2 protein chains.
Amino acid sequence: MSDTTTNSPSRSERYEELLDAAAECFQSRGFDATSIDTVARHLGATKGRVYHYFPSKMDLFNAVRDRGMDIVFQATDPGYQADLPVLDRLEAMARGHVRAMLFHHSFMLVLKDGLLMRRYTTTTEFQKESLSQHIARRDAYEARFRELLAKGLAEGSLRAGPDPAITVQTFMSALNGPVAWFRPRPGDTPQKYEAIVEEIVRFAMQGLRAYPS
Amino acid sequence: MSDTTTNSPSRSERYEELLDAAAECFQSRGFDATSIDTVARHLGATKGRVYHYFPSKMDLFNAVRDRGMDIVFQATDPGYQADLPVLDRLEAMARGHVRAMLFHHSFMLVLKDGLLMRRYTTTTEFQKESLSQHIARRDAYEARFRELLAKGLAEGSLRAGPDPAITVQTFMSALNGPVAWFRPRPGDTPQKYEAIVEEIVRFAMQGLRAYPS
DNA sequence: TATCCTTCATACCCAAGAGTATGTTTCCCG
DNA sequence: CGGGAAACATACTCTTGGGTATGAAGGATA
């Protein structure tokens with residue numbers, strides 16, 4: 001107890017601090033406009049601290065992006081694994097996905113940026129590997145939604161156009177909406193968040209459901 | 001007829017060439033990663049040409065962004081002005097919006113980038129003015145959708161959650177979907193485009209429609 | 001034909017920022 | 001308590017790219 005703080009933070013805590021700060025900066029200013037000094041200043045530190053944990057700016061960004069992917073996977077996995085009717089599983093996944101969009105907004109914005117393929121100057125071999133792995137994970141994630149939609153189509157409980165891939169994309173676009181228009185505000189209540197979640201999920205599920213025309 | 005071309009291009013034609021090239025570059029690499037030299041090289045020219053038409057990179061970007069806004073307004077205006085039931089007007093607007101997303105994909109991507117508020121280093125007074133005007137136009141654009149939704153709610157033909165603003169946002173997110181996942185391909189046919197349009201519009205309208213639960 | 005003016009190309013300047021090299025402090029371990 | 005490694009801070013290098021200053025070529029006009 002040499003410091004004013006209770007105890008010195010562990011390495012992994014420091015790592016998390018850095019990830020959070022980086023997510024915040026990348027989210028608000030974008031990749032290029034965010035300098036390493038910006039991230040460091042966000043922590044009251046300097047470049048040395050950042051480069052002590054990450055070999056390059058690109059690797060830092062990739063770490064944030066990968067963390068974002070972890071989050072959506074974990075948020076939707078219970079729904080996907082659930083032993084329920086297809087339609088309920090899909091709705092649970094949708095709900096988890098939208099919740100992640102709201103509660104981990106910074107990481108989700110970075111995740112979206114990472115998927116929108118600009119800035120593909122993968123210099124290192126490690127980065128190239130990291131990228132292709134990320135693409136694979138994104139495909140696997142979308143495949144879960146496609147799988148459930150296909151099951152629902154087979155059952156007759158769901159409906160899609162001639163090309164179900166487009167339907168899934170549109171479905172997920174609706175779920176991803178908050179990334180574009182939502183900003184967390186100081187006075188936000190959990191109730192407000194849940195109201196947003198429910199409305200988006202309702203909209204998206206209704207777009208998918210089979211109705212007598 | 002001194003050249004191989006029929007005649008020397010007019011000033012406005014040159015301007016359009018520049019806008020198109022800039023839209024293409026900004027779309028594929030993003031704002032920061034696109035250098036003025038990149039845009040120039042895209043035209044087989046050098047910086048001199050670009051700076052002859054635009055005072056700065058930011059102004060060039062803004063011009064592309066504003067053009068994008070022009071496009072969506074023109075694409076949806078007939079539907080908005082039409083003398084039809086609210087639901088049909090909204091569907092016509094949606095159809096025009098999605099068509100714009102596909103047929104002017106580059107400009108639409110830049111438009112979305114411009115709305116996602118990064119890079120707000122508006123140095124010039126002119127740029128600050130340009131930005132606030134653009135925000136106003138975006139608000140006016142979204143207001144048209146909100147207006148028709150409100151009319152539909154009053155009629156009972158449409159349905160929304162407790163906060164209709166969220167419903168509109170989700171509706172438009174679905175329409176904007178192609179910005180994220182669509183890439184024009186060499187072999188694309190108009191039929192393919194129309195199929196995408198119809199499916200997205202169907203999905204989005206169904207999410208909005210009032211159904212007996 | 002002399003002279004602008006337009007329309008660019010070339011050459012240059014300069015700041016910002018990604019890395020790097022090297023201190024410096026603190027903590028741990030023997 | 002001494003030595004080393006972790007965890008940074010400081011001070012530098014060097015490239016990239018926005019912007020500018022200037023030149024050059026072609027057309028229009030008098």
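Just the heavy atoms: all of them, side chains too, but no hydrogens, waters or symmetry mates, feed the values below. Keep in mind that this is a model prediction, so the values were computed, not measured. Within every chain, numbering begins at 1; the chains are lettered A, B, ... in the order of the sequence lines, protein sequences first and strands thereafter.
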With no hydrogens and no angle check, just 3.5 Å: does a side-chain donor-acceptor pair link [X] and [Y]?
{"X": "A:D59", "Y": "A:S56", "value": "yes"}
{"X": "B:Q133", "Y": "B:R137", "value": "no"}
{"X": "A:S35", "Y": "A:T38", "value": "yes"}
{"X": "B:T167", "Y": "A:E199", "value": "yes"}

Measure from [atom1] on [X] to [atom2] on [N] and round the result to the nearest Å.
{"X": "A:D32", "N": "D:dG18", "atom1": "CG", "atom2": "C1'", "result": "14 Å"}
{"X": "B:M58", "N": "D:dG17", "atom1": "CE", "atom2": "C1'", "result": "16 Å"}
{"X": "A:E17", "N": "D:dA7", "atom1": "CD", "atom2": "P", "result": "13 Å"}
{"X": "A:L18", "N": "D:dC8", "atom1": "CG", "atom2": "C1'", "result": "11 Å"}
{"X": "B:R41", "N": "C:dC8", "atom1": "CZ", "atom2": "C1'", "result": "17 Å"}
{"X": "A:F61", "N": "C:dA18", "atom1": "CZ", "atom2": "P", "result": "14 Å"}
{"X": "B:D37", "N": "D:dG18", "atom1": "CG", "atom2": "P", "result": "7 Å"}
{"X": "B:R29", "N": "D:dG17", "atom1": "CZ", "atom2": "C1'", "result": "14 Å"}

Inset, instruction - Mind listing the residues from residues 46-57 of chain A sitting with a heavy atom below 4.0 Å of DNA chain C? Number order is fine. - result: A:K47, A:Y51, A:S56, A:K57
Legend entry - Sugar-phosphate, base or nothing in reach of A:T38, heavy atoms under 4.0 Å: nothing
Legend entry - A:H105 and A:Y193 aromatic centres sub-6.0 Å: no
Legend entry - Heavy-atom side-chain contact between A:F31 and A:M58 under 4.5 Å: yes
Inset, instruction - Give the C-alpha distance, both sets of side-chain angles, the deciding distance and a yes or no for ring-ring contact (aromatic ring centres under 6.0 Å, His included) between A:F54 and A:Y15. - result: CA-CA 9 Å; A:F54 295 93; A:Y15 184 87; 5.2 Å; yes
Legend entry - B:R14 side chain near C:dC8 phosphate (N/O to OP1/OP2, under 4.0 Å): yes
Inset, instruction - Let me know, please, whether B:R11 or A:T34 comes out on the 5' side of the other along DNA chain C by nearest nucleotide. - result: B:R11
